[in-house]
Amino acid sequence: MIKIYGPKQSSAARCMWLLEEAGVAYENIHVDMASGGHKTAEYLALNPNGKVPTLVDGDFVLWESIAIMNYIVEKYAPQLGGSTVEERALINQWTLWSVIHLYHSFSVLFMQKWRNTPDNDATAAAHTEIPRWLGILNAALENKTYLVAEKFTLADITAASIVMRADVIGISLSEYPAITAWLTPILSRPAAQKVNAA
Ligand SMILES: N[C@@H](CCC(=O)N[C@@H](CS)C(=O)NCC(=O)O)C(=O)O
């Protein structure tokens with residue numbers, strides 16, 4: 001059975017959400033990040049970055065959440081990966097954008113919670129960047145139900161898995177009506193509820 005290492009409150013959540021959507025059985029392996037479980041020799045042997053998530057599928061080991069999600073889509077849920085070259089390219093565009101820009105800025109604010117001394121420059125930069133990223137996402141979602149090709153895809157899971165944490169970092173989505181109109185039904189999907197509500 002597939003194993004996903006990492007807590008549901010981390011980037012591992014989007015991999016598990018996708019597995020739930022795909023109807024693939026998996027085991028979530030607890031990694032106690034508070035006590036450095038992601039920095040142990042045993043874990044570093046799987047993922048030398050000391051970050052979560054990591055997927056183990058039999059003898060196959062894979063890290064980086066987007067690589068993991070692409071693997072799951074290709075192997076188990078091709079319907080979530082787009083049906084034309086253009087759809088797949090746009091899905092790739094939004095998944096990469098989500099982790100490179102959106103996740104990066106969100107994670108800066110997350111990390112401040114754990115720092116003894118806040119990094120004021122990084123915090124200020126994130127507060128400048130996040131409205132820009134959310135503005136781009138909001139514009140892309142105007143009059144649309146989903147990000148790509150008017151169907152639910154990997155792109156929606158990836159972007160939503162990050163945006164849904166806005167309240168945790170004190171960011172209001174009230175100025176982004178197209179985002180909230182998209183996010184609310186997506187987070188109500190049974191697969192999302194199973195992972196994110198826990
Ligand atoms: N690009 C990586 C980012 C992974 C990442 O930053 N994971 C965080 C949790 S959401 C982590 O493990 N942080 C612990 C650390 O950096 O020490 C991915 O998408 O898999």
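Order of appearance sets the numbers: ligands from 1, and atoms from 1 within every ligand.
For atom 12 (O) of ligand 1, the closest heavy atom belonging to the protein is Val52 N, 2.9 Å. The protein atom (non-hydrogen) at minimum distance from atom 16 (O) of ligand 1 is Lys51 NZ, 2.6 Å. At the shortest separation from atom 8 (C) of ligand 1 among protein heavy atoms lies Tyr103 OH, 3.7 Å.
The distance from ligand 1 to the heavy atoms of Ser11 drops below 4.0 Å at these ligand atoms: 10 (S). Atoms of ligand 1 found under 4.0 Å from any heavy atom of Lys39, numbered from 1 in the order shown, are 15 (C), 17 (O). Within the listing of ligand 1, atoms 20 (O) sit less than 4.0 angstrom from a heavy atom of Pro53.
Residues Ser105 and Trp133 bring a donor and an acceptor atom of their side chains to less than 3.5 Å of each other. Side-chain N/O atoms of Ser83 and Lys151 include a donor and acceptor closer than 3.5 Å.
For the pair Met33 and ligand 1, the shortest N or O to N or O distance does not fall below 3.5 Å. Residue Glu64 places at least one N or O, backbone or side chain, under 3.5 Å from an N or O of ligand 1. The distance criterion of under 3.5 Å between nitrogen or oxygen atoms is met by Ser65 with respect to ligand 1.
Transitive grouping of hydrophobic side chains (ILVMFWY, heavy atoms separated by less than 4.5 Å) keeps Tyr103 and Val52 in distinct clusters. Note on Val31 and Leu55: separate hydrophobic clusters, where clusters join Ile, Leu, Val, Met, Phe, Trp and Tyr whose side-chain heavy atoms are under 4.5 Å apart, directly or indirectly. Taken together through direct or relayed side-chain contacts under 4.5 Å among Ile, Leu, Val, Met, Phe, Trp and Tyr, Tyr146 and Ile91 form part of one hydrophobic cluster.
Atom CG of Asn196 is separated from atom CZ of Arg165 by 6.0 Å, given to the nearest 0.5 angstrom.
Arg189 forms a cation-pi arrangement with Phe152, by the criterion of a distance under 6.0 Å to the ring centre and an angle within 45° of the ring axis.
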